[in-house]
Amino acid sequence: MRASNYFIPTLKEAPSEAEVPSHIYLVRAGFIRQLAAGLYEYLPLGLRVLRKIENIIRKHMDNAGALEVLLPILTPAELWQETGRWEVYGKELFRVEDRKGRLFALGPTHEETITDLVRKNIRSYKDLPKNFYQIQTKFRDEARPRYGLIRGREFLMKDAYSFDVSEEMAVQSYQVMRDTYKRIFDELGLDYLMVEADTGAIGGKYSHEFVVKAANGEAHIVYCENCGYAANVETAKYEFELDRPPPEEEKPLEKVYTPNVSSVEEVAQFLGVPPTKIVKTLVYILSDGRKVAVLIRGDRELNETKLINYFNVLDCRLATSEELKEMGVVEGFVGPIGLDLPVYADISVEGLHNFVVGANEKDYHYINVNIPRDFKPVEFVDFSTARGGDPCPNCKQPLKETTGLEVGHIFLLGTKYSEAMKAYFVDKDGKEKPIVMGCYGIGVSRLMAAAVEQNHDDSGIIWPESIAPFKLHILALNTKDPQITDVAEQIYKQAQEIGVEVLYDDRDISPGAKFKDADLIGIPYRIVVGKKVKEGKVELQERKTGKKEEIQIPDIPALLEKLKG
RNA sequence: CGGAGCGUAGCUCAGGCGGUAGAGCACUGGCAUGGGGGGCCAGAGGUCGGCGGUUCAAGUCCGCUCGCUCCGACCA
């Protein structure tokens, strides 16, 4: 491709709305443009990268035996109502109405659609297993689109759905996908982790996320370098036993005056005790209306996902000041003793002795509280958020903590959708059974951003070779010098003949501008044709390392062959 | 959805006291130049987000509205 015929609108300055490196560089280097909040246009360069990512995914999915389909973006509301997700998915679901008033959703995911297709067309165990996938635009009416391609309202995803006759077979399909995903992310050249994850709104029995390590990621994960344990903090466990303070002799319960002292830090300082001996009491309202008190040790953070899962509800939130008042609860001094709410305790509270809690009375705390002497929780449950330094649940070595971008998520769904939508098959024994499903997503457009987050420097993007828009960038430094343009043209033609994807900067602009653009665009290899052609030489530069090397012109075909391979 | 900020040239931003609209970069023509966004000359480019109000006069003050961004809630 000749740059003079192409479209690469580069920008010297970062657009004011861009915050993170991937957004800044993808816009500046002419890969994407923003149309509205969370909506992006892919320019020719951007589309090339997107297609590369797609094709890598497609290749591995095909190799794994998955079958590509293309499902409509518009999905009838009735389908979503069948599974209950018309309500459950909430405001994130983009809803539209046709002229007759019939309601549709712009698909954020396609479990309902694919399950409908399968129930209408698959009857027998002989038709199974099947795995269908598509690469399709998805929609989410995000409350807050952010960070360019990382969180858009419209984005490209690969989604796949497996259908099996039994859970055993479904687990096998799941494992095939897990291995396939590893191959995909390996080939994409990204630094990623596969982590245990929560199933969220998709539901299902268990799931794994594929997380690309990135400072701007929304996924918080912990992992163990020793044994390989890795999990999203939403679901991560840690070895509680090693997190316990040593046993103590029980001291008598005492109520102490703690004027205006309510936060853990304040109480710890005021009473001269470590936060590990203070127990926070949090009052939560569950989405089914239940009100519960949850105890957790002062140094630990409660994990609302674990709470939601334990109580089997859609959502939860802390009670507001007004609600606490209505319940007769004293904000800032809440405690389990004499509280008229079911009290659940995090596992961190189990075995804790002589600790501090609020006294349900303004400006008072109890000290030397002990279980079960002073109160008894309904149950001890793992509610706390794992963090770096916690002992690994498998091997007890300290866990590491990092943030990342979730670029893939696989779920063993079980029969949640097949039962809700009556997707049954007739098994060998002649009995009708629900199909066992799995679903598997990859954020294609998000991967493009993730790759840039992980591969850039102060000058611009450094594309991994597998997804770079071109392999080779030829810079003819002075287009008025026929000797230079002749050589550059010749290399360009050779590269095309050999099959190296090449961008040829033949524009009549200053050399500096060409170098700056080339750095910004981030094509892995660069051949600079300049003054040295007089000595029969050009220069090869590697974007990643900045390494420069002089090449004799007759050696170029060999070099191109190498680049192709 | 709560809180905050910002909308002026293609981009990044000044101007704010109410009185003829600015800079840098980009763009067009010309000249010179040709290894890191370089120089000189000339030029084009604006319903100052929109609607309404105050005023002799509004980019500037007031109200409403739309958009974009940030923090939070939420989320892949």
Side-chain angles (χ1 to χ4, degrees), chain A residues 9-20 23-24 27-28 30 33-39 89-93 108-109 138-159 197-202 207 209-212 214 217-220 232 234 304-305 308 314-318 320 404-411 439-447 449-450 459-460 475-481 483-485 505 507-520 526 528-533 537-539 541 546 548 550:
Chain A
T10 55
L11 262 31
K12 267 191 193 174
E13 287 171 282
S16 58
E17 72 268 10
E19 286 283 314
V20 298
H23 190 189
I24 290 171
V27 173
R28 277 193 58 201
R33 284 292 185 268
Q34 179 168 344
L35 176 64
L39 303 178
Y89 223 96
K91 291 183 179 168
E92 263 75 55
L93 198 60
T109 175
K138 307 285 189 191
F139 294 83
R140 291 178 62 100
D141 194 357
E142 279 292 340
R144 192 174 161 203
R146 213 186 321 203
Y147 299 152
L149 294 186
I150 290 174
R151 176 178 305 250
R153 291 193 290 178
E154 176 179 326
F155 51 97
L156 193 64
M157 271 195 76
K158 187 284 303 179
D159 52 324
D198 183 66
T199 55
I202 306 286
S207 78
E209 284 173 353
F210 291 78
V211 176
V212 169
E218 84 289 330
H220 285 79
N232 192 305
E234 289 182 349
E304 295 190 351
T305 303
I308 287 167
L314 292 174
D315 203 2
C316 70
R317 61 180 176 82
L318 279 168
T320 62
L405 285 167
E406 180 185 337
V407 291
H409 202 159
I410 58 178
F411 301 79
C439 80
Y440 317 92
I442 292 181
V444 178
S445 46
R446 179 179 253 205
L447 267 171
S459 303
L475 272 51
L477 289 191
N478 180 0
T479 54
K480 297 218 166 64
D481 180 338
Q483 221 179 330
I484 288 176
T485 52
D505 194 343
R507 296 173 300 167
D508 182 17
I509 56 171
S510 78
K514 289 193 181 177
F515 282 116
K516 289 289 182 190
D517 271 357
D519 287 345
L520 200 52
R526 182 183 307 168
V528 179
V529 185
K531 280 176 189 157
K532 293 251 172 68
V533 287
K537 286 186 275 194
V538 297
E539 193 175 86
Q541 290 185 20
K548 299 174 185 175
E550 286 188 350

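Residue numbering restarts at 1 for every chain, and letters A, B, ... go by the order of the sequence lines.
- Nearest heavy-atom pair across A:G404 and A:V211 is CA-CG1, 3.4 Å.
- Among the protein residues, A:D508 comes within range of the nucleic acid bases, having at least one heavy atom under 4.0 Å from a base atom.
- Between A:I484 and A:L477 the shortest heavy-atom distance is CG2-N, 4.1 Å.
- Under the 3.5 Å distance criterion, with hydrogens and angles disregarded, no donor-acceptor pair is assigned to the side chains of A:R446 and A:Y147.
- Pairing each heavy atom of A:K514 with each of A:R507, the nearest pair is NZ-O, 2.7 Å.
- Using a 4.0 Å heavy-atom criterion, one finds that A:A18 contacts no nucleic acid atom at all.
- In this structure, A:E234 reaches neither bases nor backbone, as no heavy-atom distance under 4.0 Å exists between it and the strands shown.
- Taking 3.5 Å as the limit, the base of B:rG7 and the side chain of A:E17 contain no donor-acceptor pair of atoms between them.
- Taking every heavy atom of both residues into account, A:R153 and A:P145 meet most closely at CG-CG, 3.7 Å.
- For A:S510 and B:rG34, the shortest distance from a side-chain N or O to OP1 or OP2 is not below 4.0 Å.
- Comparing B:rU12 with B:rC56, their P atoms sit 38 Å apart, to the nearest whole Å.
- A:D517 contributes a side-chain N or O that forms a donor-acceptor pair with the base of B:rG37 under 3.5 Å.
- Here A:A36 lies in heavy-atom contact (under 4.0 Å) with sugar-phosphate atoms only.
- An OP1 or OP2 oxygen of B:rU69 is reached within less than 4.0 angstrom by a side-chain nitrogen or oxygen of A:Q34.
- A sub-4.0 Å separation between OP1 or OP2 of B:rC74 and a side-chain N or O of A:R146 is absent.
- In RNA chain B, stems built from 3 or more consecutive Watson-Crick or G-U wobble pairs, each with both distances under 3.5 Å, span B:1-7 with B:66-72, B:10-13 with B:22-25, B:27-31 with B:39-43, B:49-53 with B:61-65.
- Comparing B:rG37, B:rG35, B:rA73 against the side chain of A:T10 picks out B:rG37 as the nearest.
- Using modelled atom types, no side-chain atom of A:T485 and backbone atom of A:T479 make a donor-acceptor pair closer than 3.5 Å.
- Using a 4.0 Å cut-off between charged nitrogen and carboxylate oxygen, A:D141 and A:K91 do not count as a salt-bridge pair.
- Using a 4.0 Å heavy-atom cutoff across all strands shown, A:K514 reaches no nucleic acid atom at all.
- Nucleotides B:rA23 and B:rC64 place their C1' atoms 33 Å apart, quoted to the nearest Å.
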Query raised in the report: What string of B, S and - do you get for nucleotides 26-32 of chain B, 5' to 3', if B is base contact, S is sugar-phosphate-only contact and - is no contact with any protein heavy atom under 4.0 Å?
Result: S------
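- A:G404 comes within 4.0 angstrom of no nucleic acid atom, judged by non-hydrogen atoms across all strands.
- Going from the C1' atom of B:rG50 to that of B:rA58 covers 15 Å, rounded to whole Å.
- Nearest-nucleotide assignment on RNA chain B puts the 5′-proximal partner with A:S459, out of A:I150 and A:S459.
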